[in-house]
Visitor: 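Here it is, the structure in full.
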Amino acid sequence: MEAAQAQWVKIHPLIVRITHWINAFGILIMVASGWRIYNASPLFPFRIPNELTLGGWLAGALQWHFAAMWLLVINGIVYVTYGVVSGHFRRKLLPITPRAVFHDVQEALRGRLAHEDLSVYNAAQRAAYLAIIVCAVVLVFSGLAIWKPVQLQEITAIFGGYESARVVHFLTMALLVLIVVVHVVMVILVPRTFPTMITGRARRAS
Amino acid sequence: MKKRTMETSLAGHSPKLIRSIERRLFLKQGLSLGALALLAGCDLTDDESVQKLLTGMSRWNDGAQAWLFNPNKLAPEFPESAITKPFPFNAFYSVDEVTLVDGKDYKLELEGLIRDKKPWTLPELYALPQTSQITRHICVEGWSAIGKWSGVRFSDFLARVGADTSAKYIGFKCADDYYTSIDMATALHPQTLLTFRFADQILPPKYGFPMKLRIPTKLGFKNPKHIMSMFVTNEYPGGYWEDQGYNWFSGS
Ligand code: HEM
């Protein structure tokens, strides 16, 4: 029994696992309802197929969007606060250099994933996770800019006004969705990582 | 049934192992249930308990926006050169179905918690001190347009007729059967105007003749056009879109 347990190492703290899955659920709702809101007055010459959207019509989509935003923001604050205060970000997402990211992305593209030791994120992962965090922050602030262009007009001004804040909000969503799609594809390619994000444990690389 | 077969087949294994397998199954089922529910997007929104939760959150958002509302914060104003031309028409009907109100017989009716309920004719309203604003009209659909409106400051009008400004709501009934209502704090905001002119001309029918309440701190649908009567009340009056699920406060 002792020997068997010794082969397992804890790699994902409980707070990270809980906030990760709440976040994945919240992002899904925000994106799907956001697409329906987009369709009410598309910024670009295309629409999102209604089958991919949430809410049924504009009012329903807005209800989902403005309900899930609270879940997502509170959850995000817990995750980022924990990440900074506990040293989780410093330990797992840093250091990061453009060279290392470039190298690891190339390796990944060649099918040689540098993810043998599951307790360490490779540089491509670090870049992706940091980019996700930055995107989420930009999404929250550009969202506030278009939700409250009078009360929070200082934020709206940072984005160059109401209309450009809308563009920033949409493009940041598109970038986030792209990164998340790559993220999920990587999980499918390295399925060993999936249970670790639920149980928190991985078999020690030997 | 399912549970029983699982117990039988697991007989003899340690309770800890069984618990851990059950937990994994639960997680798997939970995840696929969530995915299914989301695939059925609009059905999910119609579900009664989900709708209750969403409506509750919308009420919560009314409160959050009332809390955030700063009575001294002004909406940005723009130069004449920024005005959107042509200014878009928008209503729950098409532009050739616009209601035509006869200005000669028109009288604005006042009801509810108002001291002086004498109806107002258009010449009487036009004779009140007028101000203008060039502000951004933002639609709940996401688009926006900049326009110029002129009229009487709504807080001055409310003071003149002796409205009870400690009441919670002001409701509006319109000639096109539209109706809506706003909170008193927004009604008293210095940029909330009872307007009779658009782009320096008497409001054309498509922009709300004989008058539109212009509220640059709220979304477009909270700016009633063709107003026939208004009432001050403490009972939540709702609105045409609000009763169908749009957020009531809808502040900008
Ligand atoms: C169904 C969709 C998703 C799956 C299956 C999934 C799976 C995973 C897995 C297995 C890990 C651990 C990777 C490893 O140990 O190497 C992880 C980490 C992470 N995921 Fe996801 N994920 C999903 C959606 C998302 C979404 C939507 C976001 C953000 C918008 C996200 C952001 C992150 C971040 C930031 C980390 C790093 C967490 C940390 O260590 O602080 N994931 N995910």
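All values below come from the heavy atoms of this structure, side chains included, with hydrogens, waters and symmetry mates left out. Residue numbers start from 1 in every chain, and the chains themselves are labelled A, B, ... in the order their sequence lines are given, proteins ahead of strands.
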Visitor: Which of residues 65-76 of chain B have a heavy atom under 4.5 Å from any heavy atom of chain A?
Guide: Gln65(B), Leu68(B), Phe69(B), Asn70(B), Lys73(B), Leu74(B), Ala75(B), Pro76(B)
Visitor: Applying a heavy-atom distance below 4.5 Å, give me the residues of residues 137-151 of chain A that approach chain B, sorted by number.
Guide: Trp147(A), Lys148(A), Pro149(A), Val150(A), Gln151(A)
Visitor: For Gln51(B), is it the side chain, the backbone, both or neither that has a heavy atom under 4.5 Å from a heavy atom of chain A?
Guide: side chain
Visitor: Is there a donor-acceptor contact under 3.5 Å from the side chain of Gln63(A) to the main chain of Gly245(B)?
Guide: yes
Visitor: Would you indicate whether Glu97(B), at its atom CD, is surrounded by more than 12 heavy atoms from other residues, nucleotides or ligands within a distance under 6.0 Å?
Guide: yes
Visitor: Give a yes or no on this: more than 12 heavy atoms of other residues, nucleotides or ligands lie within 6.0 Å of atom CD of Glu235(B).
Guide: no
Visitor: Return the option, out of Ser144(B), Ser250(B), Ala64(B), with the maximum number of heavy-atom pairs under 4.5 Å with chain A.
Guide: Ser144(B)
Visitor: Which residue out of Tyr38(A), Phe66(A), Trp70(A) racks up the most heavy-atom pairs below 4.5 Å with chain B?
Guide: Trp70(A)
Visitor: Quick one: what part of Leu62(A) sits under 4.5 Å from any heavy atom of chain B, side chain, backbone, both or neither?
Guide: side chain
Visitor: Using only non-hydrogen atoms and a strict under-4.5 angstrom cutoff, which residues of residues 80-93 of chain A touch chain B?
Guide: none
Visitor: Taking non-hydrogen atoms and a cut-off under 4.5 angstrom, which of residues 162-172 of chain A neighbour chain B?
Guide: Tyr162(A), Glu163(A), Arg166(A)
Visitor: Under 4.5 Å heavy-atom distance to chain A, tell me which part of Val140(B) shows up: side chain, backbone, both or neither.
Guide: both
Visitor: Out of Ala61(A), Ser41(A), Ala157(A), return the one with the most heavy atom pairs under 4.5 angstrom to chain B.
Guide: Ser41(A)
Visitor: Can you confirm if the aromatic rings of Tyr246(B) and Trp57(A) lie within a centre distance of less than 6.0 Å?
Guide: yes
